[in-house]
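Worksheet for the structure shown next.
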Amino acid sequence: MNTAALTVTDIEAIERATIAAVSPDLTEELDGWLLPFAGGTVKRAKSAVPLHRGPVDHATLDRIEDRYDSRQAKPALRLADAPCFDGLRAELERRHYVADSPTCVQVTSVRRMREVVAPDGALADVDRAPDAAWSALFLGEGFDPVDGAHRVRMLSRAKGTLYASVREGGRTVAAGAMAFGHGWASVHGMRTDQVQRGRGLAGRVLAGLAQAAVERGFERVFLQVDAVNHPALALYRRAGFETQWKYSYWQRQQWP
C-alpha cells in the first residue's frame with residue numbers, strides 16, 4: 001500500500017465521492033464517519049466508512065450500530081486495512097463481525113488513463129444518461145442479474161455521472177461510468193460482455209471516460225477493484241493505477 005501519496009484531505013474526499021457515486025437512499029454523518037443507508041446488493045451504499053485514519057473508540061461503534069439498528073438495517077463497516085484500525089477490528093471480531101470482499105482503492109492521473117486504448121485507437125461513446133443497451137449489459141450472461149439491476153439503478157440516479165458504451169451491431173458490448181465530485185473523477189460499473197473479452201474493449205471505455213474527465217478539467221481519478229480480480233488489476237495497471245490502500249467489508253452476523 002502507498003497511503004503516503006495521498007493526504008488526509010484526499011482520503012476524506014475519496015470516501016465522500018465514493019458514497020455520492022453510488023447514491024444511497026440516505027447518508028448520515030456521525031463522529032467522523034459517513035453512514036449510508038440503502039437496500040440492494042451494493043455494499044458501498046450501505047456500509048459505514050471513516051473519513052479519517054485514527055483510532056475508533058467502542059462508544060463510536062455503539063453509536064454506529066444504534067443508527068443502523070434504528071433503521072432496521074444490518075450494521076456493516078467498510079474499513080481500510082490500516083494499523084490505526086487494529087483495535088476496532090479486534091472489537092468487531094468480538095462482536096461477531098466477519099470481514100469479506102477485500103478491495104483495492106487505486107489512483108492514477110486522468111491523462112495516464114487516457115493512454116489505454118484499443119489497437120485502432122477508438123474511444124467508447126460517452127453519454128449523459130444510460131440507455132437501455134448500457135443497462136442490459138449488466139443483466140447479461142455471466143453477470144448476477146439481481147446485483148446488476150441494483151448497480152444500474154444506483155449509477156443511473158447519481159447526479160452528473162457519465163456513461164461509456166462500446167457499441168457493436170446494435171448492442172453494448174462494454175460499458176462503464178464516471179462520477180465527478182470532491183475534486184476527483186471516479187470509475188464505476190466496468191463491464192465487458194463475457195464473449196467479447198480480450199479485445200481491448202475495456203481499455204476503450206477507460207480512455208473514453210478519461211477524455212471526458214480531461215474536458216471537464218479533472219486531473220486525478222480513482223476506482224475500487226476486487227483484490228482478486230486479476231484481469232481487471234492488469235488492465236488498471238496498464239492505465240497507471242496504483243493501490244493506495246485496501247479495505248474489507250465487516251458485517252455483523254445474525255446470532256440466535
State, with a plain yes or no, whether a side-chain heavy atom of Leu235 is found less than 4.5 Å away from one of Leu206. yes

Are Arg237 and Glu242 ion-paired here, with the side-chain N under 4.0 Å from a carboxylate O? no

Please find the pair of heavy atoms, one from Arg252 and one from Tyr97, that lie closest to each other, and give the distance. N-CD2, 3.2 Å

Between the side chains of Asp226 and Lys246, is the shortest nitrogen-to-carboxylate-oxygen separation below 4.0 Å, so that they form an ion pair? no

Would you say the side chain of Ser165 lies within less than 4.5 Å of the side chain of Thr172, judging by non-hydrogen atoms? yes

Just checking, is any N or O donor in the side chain of Arg44 or Gln224 under 3.5 Å from an acceptor N or O on the other one? yes

Rounding to 0.5 Å, atoms OG1 (Thr108) and CG (Leu223) come to a distance of 9.0 Å

Kindly give the heavy-atom pair with the smallest separation between Gly148 and Leu139, and that separation in Å. C-CD2, 3.9 Å

Pairing of Arg16 and Glu12 as salt bridge, 4.0 angstrom limit: yes

Cation-aromatic face contact Arg53/Trp245, 6.0 Å, 45 degrees: yes

For Gln72, enumerate each residue passing the side chain to side chain contact (heavy atoms under 4.5 Å, CB included) test, keeping only those at least two apart in sequence or located in another chain. none

Could Arg71 and Asp66 be called an ion pair, given the rule that one side-chain N must be under 4.0 Å from one carboxylate O? no

Looking only at heavy atoms, the pair that brings Ala124 and Val166 closest together is CB-CG2, 3.8 Å

Nearest non-hydrogen partners of Pro50 and Leu79, listed with the distance: CG-CD1, 4.1 Å

Any side-chain heavy-atom pair of Val221 and Phe241 under 4.5 Å: yes

Salt bridge (charged side-chain N to carboxylate O under 4.0 Å, His left out), that's the test. Do Glu91 and Arg95 meet it? Break it down for me. CA-CA 6 Å; Glu91 177 62 16; Arg95 298 190 188 195; 2.6 Å; yes

Distance only, no hydrogens: is a donor on one side chain within 3.5 Å (strictly under) of an acceptor on the other, for Lys43 and Ser101? yes

Verify same cluster id: Tyr247, Phe222 (apolar side-chain graph, 4.5 Å): yes

Between Asp193 and Arg199, does the salt bridge (charged side-chain N to carboxylate O under 4.0 Å, His left out) criterion hold? Intermediate values first, please. CA-CA 11 Å; Asp193 187 296; Arg199 297 177 49 208; over 6 Å; no

Report the distance from atom CG of Leu92 to atom CD of Gln251, rounding to the nearest 0.5 Å. 11.5 Å

Between atom CH2 of Trp33 and atom CD of Glu15, what is the distance when rounded to the nearest 0.5 Å? 10.0 Å

Go through it in stages, so that I can follow the logic: the residues are Arg67 and Asp31, the test is salt bridge (charged side-chain N to carboxylate O under 4.0 Å, His left out), and I'd like the CA-CA distance, side-chain angles, deciding distance and then a yes or no. CA-CA 12 Å; Arg67 293 307 303 142; Asp31 296 342; over 6 Å; no

Excluding sequence neighbours, so at least two apart, what forms side-chain hydrogen bond (donor to acceptor under 3.5 Å, both in side chains) with Asp10? Thr7, Arg220

Taking it one step at a time, do Val49 and Leu77 satisfy side chain to side chain contact (heavy atoms under 4.5 Å, CB included)? CA-CA 6 Å; Val49 61; Leu77 286 73; over 6 Å; no

In terms of relative ring orientation, are Trp134 and Phe138 parallel, tilted or perpendicular, with 30° and 60° separating the classes? tilted

Rounding to 0.5 Å, atoms CG (Leu35) and CZ (Arg63) come to a distance of 11.0 Å

Between Met190 and Val225, is a side chain to side chain contact (heavy atoms under 4.5 Å, CB included) present by the stated rule, with each step listed? CA-CA 10 Å; Met190 292 289 291; Val225 56; over 6 Å; no

Chi angles and distances behind the side chain to side chain contact (heavy atoms under 4.5 Å, CB included) call for Arg191, Val205: CA-CA 9 Å; Arg191 295 289 187 276; Val205 171; over 6 Å; no

From Ile14 atom CD1 to Ile19 atom CD1, the distance as rounded to the nearest 0.5 Å: 13.0 Å

Would you check if Arg167 and Asp125 make a side-chain contact, meaning some heavy-atom pair closer than 4.5 Å? yes

State whether the number of non-hydrogen atoms from other residues, nucleotides or ligands found under 6.0 Å of Arg157 atom CZ is greater than 12. yes

side-chain hydrogen bond (donor to acceptor under 3.5 Å, both in side chains) partners of Arg111, counting only residues at least two apart: none

Report yes if the side chains of Pro130 and Val152 come closer than 4.5 Å at any heavy-atom pair, otherwise no. no

Enumerate donor-acceptor pairs with a distance under 3.5 Å from any side-chain N or O in residues 178-189 to protein atoms, sequence neighbours excluded.
from	atom 1	to	atom 2	distance (Å)
Ser186	OG	His188	NE2	2.8

Same apolar cluster (I L V M F W Y, side chains within < 4.5 Å links), Val173/Val126: yes

Answer yes or no: is there an ion pair linking Arg238 with Glu115, defined by an N-O contact shorter than 4.0 Å? no

Given the rule that I, L, V, M, F, W and Y join up when any side-chain heavy atoms are under 4.5 Å apart, are Leu201 and Leu162 in one cluster? yes

Are there more than 12 heavy atoms of other residues, nucleotides or ligands under 6.0 Å from atom CD of Glu219? no

Suppose the criterion is salt bridge (charged side-chain N to carboxylate O under 4.0 Å, His left out): which pairs have a residue in residues 138-154, not counting sequence neighbours? Asp25-Arg153, Asp147-Arg151

Tell me the ring-ring contact (aromatic ring centres under 6.0 Å, His included) pairs involving residues 65-92, sequence neighbours left out? Phe37-Tyr68

What's the shortest heavy-atom distance between Tyr236 and Gln106, and which atoms? CB-OE1, 3.5 Å

Scanning both residues in full, the closest heavy-atom pair of Ile64 with Ala48 reads CG2-CB, 4.0 Å

